[in-house]
Amino acid sequence: MHVLVLGGTTEARCLAELLVEVLPAGVGLTSSLAGRVSGPRLPPGEVRIGGFGGADGLADWLRTHQVDALIDATHPFAGTISFNAAAAAAAAHVPLLAVRRPGWVPGEGDDWHAAGSLAEAAAALPALGRRVFLTTGRMGLAAFAGLDELWFLMRSVDAPQAPCPARMEVLLDRGPFTLDGERELIRRHRIDVVVTKDSGGAATAPKLTAAREAGIPVVVVRRPPVPEGIPVVEGPEPAVDWLREHILHRTQPTAGPAQTSG
Ligand SMILES: NC(=O)c1ccc[n+]([C@@H]2O[C@H](COP(=O)([O-])OP(=O)(O)OC[C@H]3O[C@@H](n4cnc5c(N)ncnc54)[C@H](OP(=O)(O)O)[C@@H]3O)[C@@H](O)[C@H]2O)c1
């Protein structure tokens with residue numbers, strides 16, 4: 001038996017950590033990363049890095065590596081791979097589960113402005129502020145490139161490439177971030193508006209609290225939908241339950257650590 005986890009998130013790494021403990025001996029585990037960031041935090045078990053070559057390539061990989069269950073634990077905004085996973089799982093007749101952390105919910109005192117896309121977020125900015133804390137990552141920066149009258153503090157794991165906003169300072173950093181740190185960034189750079197994807201999770205949420213405290217607006221980009229008909233759970237533990245229910249009952253209840261498989 002073989003389980004493939006599509007990763008690149010904290011949840012995917014936590015799931016792999018759980019699975020190496022609970023998968024019976026003889027059940028292989030592979031985590032897949034896109035290879036977007038330099039020096040990624042690797043999960044335990046076998047890891048492969050790089051694209052599959054679209055839905056057809058992923059379906060081939062599932063068949064060739066005799067995958068019995070596919071878990072899409074990619075980022076809520078990684079829409080392409082999720083749709084590829086749905087198509088590939090259907091083509092290769094492999095059960096698929098999506099793991100999606102819950103989105104953020106505004107609280108009292110929040111001034112949030114929903115946007116359907118990065119382009120919509122960019123269009124909303126000039127009416128909201130002049131000094132922008134941009135936390136949507138280095139991909140898709142082109143959407144903000146025409147906003148010459150605004151200044152950007154752009155935070156990402158790796159350095160961005162053009163096209164970028166003309167007036168931009170880059171801050172290379174990787175979460176989790178602290179509330180004190182986010183407060184200090186907003187104060188020091190005189191930020192008057194924040195832009196974020198609705199990524200959810202605790203690791204990058206302190207900027208939302210810091211923005212509320214500072215009384216500044218936040219533009220929140222809505223998530224793309226999960227492909228229709230795919231079961232969704234919110235975290236690693238229910239994903240393990242799903243595996244037990246759908247797949248692992250087919251194995252002998254032997255105790256012991258998981259073996260890796262490529
Ligand atoms: N988008 C974000 O905001 C964000 C934030 C944090 C982390 N991430 C992580 O970064 C990765 C790339 O994100 P993205 O937004 O560029 O994804 P995407 O637009 O959905 O995917 C673009 C292509 O990258 C490849 N790919 C994506 N995830 C992969 C994975 N786990 N394993 C192997 N190939 C993968 C696939 O290439 P092929 O078609 O060749 O198979 C896919 O078609 C994802 O794994 C995601 O979990 C994304």
Side-chain angles (χ1 to χ4, degrees), residues 3-16 29-43 45-65 67 69-89 91-92 94 96-101 103-104 115-119 121 134-144 154-158 160-161 172-177 195-205 207 219-227 230 232 235-236 239 262:
V3 177
L4 175 62
V5 175
L6 301 174
T9 57
T10 307
E11 286 74 15
R13 210 172 54 250
C14 293
L15 176 58
L29 167 67
T30 304
S31 294
S32 176
L33 305 179
R36 275 304 175 275
V37 296
S38 54
R41 290 176 189 155
L42 295 180
E46 190 78 19
V47 178
R48 66 165 299 287
I49 299 183
F52 295 93
D56 291 345
L58 178 52
D60 284 347
W61 204 97
L62 296 176
R63 290 190 199 100
T64 312
H65 294 81
V67 172
L70 176 60
I71 302 186
D72 168 17
T74 57
H75 192 269
F77 280 82
T80 307
I81 189 70
S82 295
F83 277 86
N84 288 353
V94 172
L96 168 64
L97 175 75
V99 179
R100 288 291 179 280
R101 61 180 89 136
W104 289 315
S117 63
L118 292 177
L134 186 57
T135 66
T136 49
R138 71 193 167 108
M139 315 298 281
L141 266 190
F144 303 90
M154 202 289 297
R155 180 166 66 192
S156 61
V157 176
D158 289 315
Q161 290 171 344
L172 297 182
D173 204 355
R174 188 199 303 250
F177 302 107
V195 185
T196 182
K197 293 174 177 172
D198 180 17
S199 298
T204 59
K207 64 190 165 195
V219 181
V220 182
V221 181
R222 281 191 292 266
R223 297 173 168 203
V226 174
I230 305 302
V232 183

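Atoms within a ligand are numbered from 1 in the order they appear, just like the ligands themselves. Along the sequence shown, the residues carry numbers beginning at 1.
Remark: ligand 1 and T80 share an N or O pair separated by less than 3.5 Å (distance only, no angle test). At least one N or O atom of I81, backbone or side chain, sits closer than 3.5 Å to an N or O atom of ligand 1.
Looking only at heavy atoms of the protein, atom 41 (O) of ligand 1 is closest to F52 N, 2.7 Å. Given atom 2 (C) of ligand 1, the protein heavy atom at minimum distance is H75 ND1, 3.4 Å. Among all non-hydrogen protein atoms, the one lying nearest atom 30 (C) of ligand 1 is A34 N, 3.6 Å. In terms of protein heavy atoms, atom 9 (C) of ligand 1 is closest to G8 O, 3.7 Å. Closest to atom 45 (O) of ligand 1 among all protein heavy atoms lies G7 O, 2.8 Å. Nearest protein heavy-atom neighbour of atom 40 (O) of ligand 1: G53 N, 2.9 Å. Distance from atom 15 (O) of ligand 1 to its nearest protein heavy atom, with residue and atom name: A78 CA, 3.6 Å. Of the protein's heavy atoms, G51 CA, 3.6 Å lies nearest to atom 37 (O) of ligand 1.
Contacts of V37 with ligand 1, taken as heavy-atom pairs under 4.0 Å, are absent altogether.
Ring geometry for W61 against H65 counts as parallel: the plane angle stays under 30°, on a 0 to 90° scale with 60° as the upper cut.
Under a 3.5 Å cut-off, the side chain of D198 and the backbone N or O of V220 do not form any donor-acceptor pair. With hydrogens and angles ignored, the 3.5 Å screen pairs no side-chain donor or acceptor of R48 with any backbone N or O of L33.
Here the side chains of R174 and R41 are in contact, with some heavy-atom distance below 4.5 Å. Counting heavy atoms from C-beta on, the side chains of V221 and T196 never come closer than 4.5 Å. Contact annotation: the side chain of R100 never approaches that of H75 to less than 4.5 Å [non-hydrogen atoms, C-beta and beyond]. You'll find the side chain of L172 stays beyond 4.5 Å of the side chain of D158, heavy atoms only. Proximity of R223 to F77: side-chain heavy atoms (C-beta onward) are separated by under 4.5 Å at one or more points.
In summary, the atoms of ligand 1 found under 4.0 Å from a heavy atom of S32, numbered by their order in the structure, are 30 (C), 31 (N), 32 (N), 33 (C). Of all the atoms in ligand 1, the ones that sit under 4.0 Å from a non-hydrogen atom of N84 are 39 (O), 43 (O). Near G79, the atoms of ligand 1 lying under 4.0 angstrom from a non-hydrogen atom of the residue are 20 (O).
No hydrogens or angles considered: nothing links the side chains of R155 and T135 as a donor-acceptor pair under 3.5 Å.
Of the candidates M139, R36, R48, K197, the one placing a heavy atom closest to atom 23 (C) of ligand 1 is R36. Within the set P40, G54, G50, the minimum heavy-atom distance to atom 39 (O) of ligand 1 is found for G54.
For the side chain to side chain contact (heavy atoms under 4.5 Å, CB included) with L70, the qualifying choice from L62, V5, V3, L97 is L62, the only one to do so.
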